[in-house]
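In what follows, residues are counted from 1 in the order of the sequence shown. Not measured: the values here are computed from a predicted model.
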Amino acid sequence: MPPHVFALDREALRYARIERSGAGYSLADWRREDLGAGLFQDGLLGGPLRDPRLFGEQLDRLLA
């Protein structure tokens, strides 16, 4: 299992840090950064970012 996990959808960017111990795995940290409406263009499988700079700022806040 990777120690860092990210999930992204239209509404939020999520991050989790998983730690392994003798008893198995545990959630060590998690964070969520809400994304503004319309950050992504529409499309059948999603779409490209409308504002990559704004997304970068949100990612920086999540990882700070």
**Any residue meeting side chain to side chain donor-acceptor pair (under 3.5 Å) with R31, in chain and number order, not counting sequence neighbours** = D29
**Residues forming a side chain to side chain donor-acceptor pair (under 3.5 Å) with Q58, sequence neighbours excluded** = none
**Request:** Can you label the angle between the Y15 ring and the F6 ring as parallel, tilted or perpendicular, going by 30° and 60°?
**Result:** tilted
Listing, residues 37-54 side-chain donor-acceptor contacts under 3.5 Å, not counting sequence neighbours, or none:
residue, atom, partner, partner atom, Å
D42, OD1, R10, NH2, 2.9
R50, NE, G38, O, 2.9
D51, OD1, R53, N, 3.3
D51, OD1, L54, N, 3.2
R53, NH1, E57, OE1, 3.4
R53, NH1, E57, OE2, 2.6

**Asked** Residues two or more places apart in sequence or in another chain: which of them pass salt bridge (charged side-chain N to carboxylate O under 4.0 Å, His left out) with R17?
**Response** E19
**Asked** Do L35 and L63 share a hydrophobic cluster, counting only Ile, Leu, Val, Met, Phe, Trp and Tyr and linking them when any side-chain heavy atoms are less than 4.5 Å apart?
**Response** yes
**Request:** Working to the nearest 0.5 Å, report the span between CG of L13 and CG of L8.
**Result:** 5.5 Å
**Request:** Return the set of residues passing side-chain contact (heavy atoms from CB on, under 4.5 Å) with D60 (not counting sequence neighbours), or none when no residue passes.
**Result:** none
**Fill in**
Hits for side-chain contact (heavy atoms from CB on, under 4.5 Å) against A12, two or more places apart or cross-chain, chain-then-number order -> D9, R14, R32, D34
